[in-house]
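Below: one structure, written as structure tokens.
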Amino acid sequence: MSRIRQDEVRQSGLVEGIGDDAALYGTKSDYLEVVCTDTMVEGVHFLKELSSPKEIGYKGLAVNVSDVAAMGGVPKYYLVAIAVPKTWSEQELAELYAGMDELAEPLRIDLIGGDTVSTSDKLVLTVTVVGEVKKGKQRLRKDARPGDAVFVTGTIGDSAAGLQALLGNLHPDRDAASFLINRHKRPVPQVKAGQIMSSADRVSLNDISDGLASELNEISESSCVKIVIDKTRLPMSDSMKSLNHEDAEKWMLFGGEDFELTGTVSRAVFTDLQKRCLAEGILLTEIGRVEEGPAGVFFTEDGKQTKLEKSGYNHFK
Ligand SMILES: Nc1ncnc2c1ncn2[C@@H]1O[C@H](COP(=O)(O)OP(=O)(O)O)[C@@H](O)[C@H]1O
Ligand SMILES: Cc1ncc(C[n+]2csc(CCOP(=O)(O)OP(=O)(O)O)c2C)c(N)n1
Ligand SMILES: [Mg+2]
Ligand SMILES: [Mg+2]
Ligand SMILES: [Mg+2]
């Protein structure tokens, strides 16, 4: 435990961190607590041969911080429950925690607890993140309204292409390979963009873990609105463009693990949010519009609308 314990306290609200039966922290009355948990499983979310312990740790925390960002929240604390195969060395485990701290340190997030058990087979890493959002500023999937612009941050599809490069199914040039694989292994959770979205009166928001099509369908269903996107406007990275690959569109729509944010906001506010994102070096692209229901996501092609199915990553297929 002494190896895992941070040597500094980052959050002033922390009362007891690692060391007792449970952690204690104080809360502010004008804020809501944001809590989420996501698990990464060896063989499902990563392969031990292709990712270092540091990369596995980093991503395990990043995917959770991404969910807090997608609520408009700021992450503050995290807990780590880990089942470690006997083949893992203590050094590798320490590196996994160092990977998490690479993200936690600059974001000033404190590790406040967790659980460690051994397992005979695959590594399972469950991270829980606690954050806060000012009351009324939470960003929900159910807040899309007809007339809204649909947006996405950054570029999409890179992670899926990076995974294919990692698996040896794709052979980009060296620069593109390193960019795409990095996007897969080290997604940057969009906390700053989430904060900018949180400053507006109303924004619907979701992070992209299962794929843009899946996340937009969630917004559409939660808000009971129709979403129509323009596939030609989907933001593509230069590396993805350089591949000129026939699967690029599939990766952008259904690949997942982009950990960018997608959502909707009134047209009147979109341009201001876009400017504020740009000032922070964040690309914000309008990719479609919201219309009156029934729910469903569509794209226009050759003048007609086609349904964009919810297909994306599915753990049970
Ligand atoms: N096994 C579970 N038990 C309880 N709630 C769950 C379980 N799995 C998922 N959820 C909840 O279902 C919702 C959607 O989960 P998920 O699709 O994993 O979200 P995300 O893609 O944002 O990580 C969340 O509110 C999550 O907390
Ligand atoms: C070895 C390997 N195969 C496939 C994938 C792709 N993949 C695994 S899980 C996933 C979807 C996101 O994971 P999930 O647990 O559904 O995240 P959540 O929606 O809960 O945030 C994707 C695209 C991968 N990352 N690694
Ligand atoms: Mg989840
Ligand atoms: Mg999410
Ligand atoms: Mg998630």
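All heavy atoms count here, side chains included; hydrogens, waters and symmetry mates do not. Counting starts at 1 for both ligands and their atoms, following the listed order.
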Do [X] and [Y] sit within salt-bridge range, that is, some charged N less than 4.0 Å from a carboxylate O?
{"X": "Lys48", "Y": "Glu92", "result": "yes"}
{"X": "Glu257", "Y": "Arg183", "result": "no"}
{"X": "Arg10", "Y": "Glu105", "result": "no"}
{"X": "Asp143", "Y": "Arg141", "result": "no"}
{"X": "Arg186", "Y": "Glu102", "result": "yes"}
{"X": "Lys54", "Y": "Glu95", "result": "no"}

Side chains of residues 233-243: which donor-acceptor partners sit under 3.5 Å, not counting sequence neighbours?
{"from": "Arg233", "atom 1": "NE", "to": "Glu286", "atom 2": "O", "distance (Å)": "3.2"}
{"from": "Ser237", "atom 1": "OG", "to": "Asp158", "atom 2": "OD1", "distance (Å)": "2.7"}
{"from": "Ser237", "atom 1": "OG", "to": "Met240", "atom 2": "N", "distance (Å)": "3.0"}
{"from": "Ser242", "atom 1": "OG", "to": "Ser239", "atom 2": "O", "distance (Å)": "2.7"}

Asp67 to ligand 1: N or O pair under 3.5 Å?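 Yes, there is a polar N/O contact under 3.5 Å.
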Hey, does Arg141 come in under 3.5 Å of ligand 1, counting only N/O atoms on both sides?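 Arg141 vs ligand 1: N/O contact under 3.5 Å present.
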Under a plain distance cut-off of 3.5 Å, with no hydrogens placed, do Lys226 and Gln305 share a side-chain donor-acceptor pair?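 On atom types as modelled, these side chains qualify, holding a pair under 3.5 Å.
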Take a 6.0 Å sphere around NZ of Lys231 and say whether it holds more than 12 heavy atoms from other residues, nucleotides or ligands.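 More than 12 heavy atoms, drawn from other residues, nucleotides or ligands, come within 6.0 Å of this atom.
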Aromatic Tyr31 / basic Lys135 pairing, under 6.0 angstrom, 45° off normal: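 Here Lys135 fails the 6.0 Å and 45° test against Tyr31.
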Sub-4.0 Å atoms of ligand 1 with respect to non-hydrogen atoms of Ser209: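 Those qualifying, in numeric order: 21 (O).
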Sort by chain and number the protein N/O/S atoms that are closer than 2.8 Å to the Mg ion (ligand 4), and list them.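 Short answer, with waters excluded from the count: Asp67 OD1, Asp207 OD1.
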Any protein heavy-atom neighbour for [atom] (distance below 4.0 angstrom)?
{"atom": "atom 3 (N) of ligand 1", "value": "no"}
{"atom": "atom 22 (O) of ligand 1", "value": "yes"}
{"atom": "atom 12 (O) of ligand 1", "value": "no"}

May I ask which of Thr39, Ile208, Asp38 has a heavy atom nearer to atom 18 (O) of ligand 1 than the others do?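 The option holding the nearest heavy atom is Asp38.
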Among all protein heavy atoms, pick the one closest to atom 17 (O) of ligand 1 and tell me residue, atom and distance.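 Protein heavy atom with the smallest distance to atom 17 (O) of ligand 1: Asp210 OD2, 4.7 Å.
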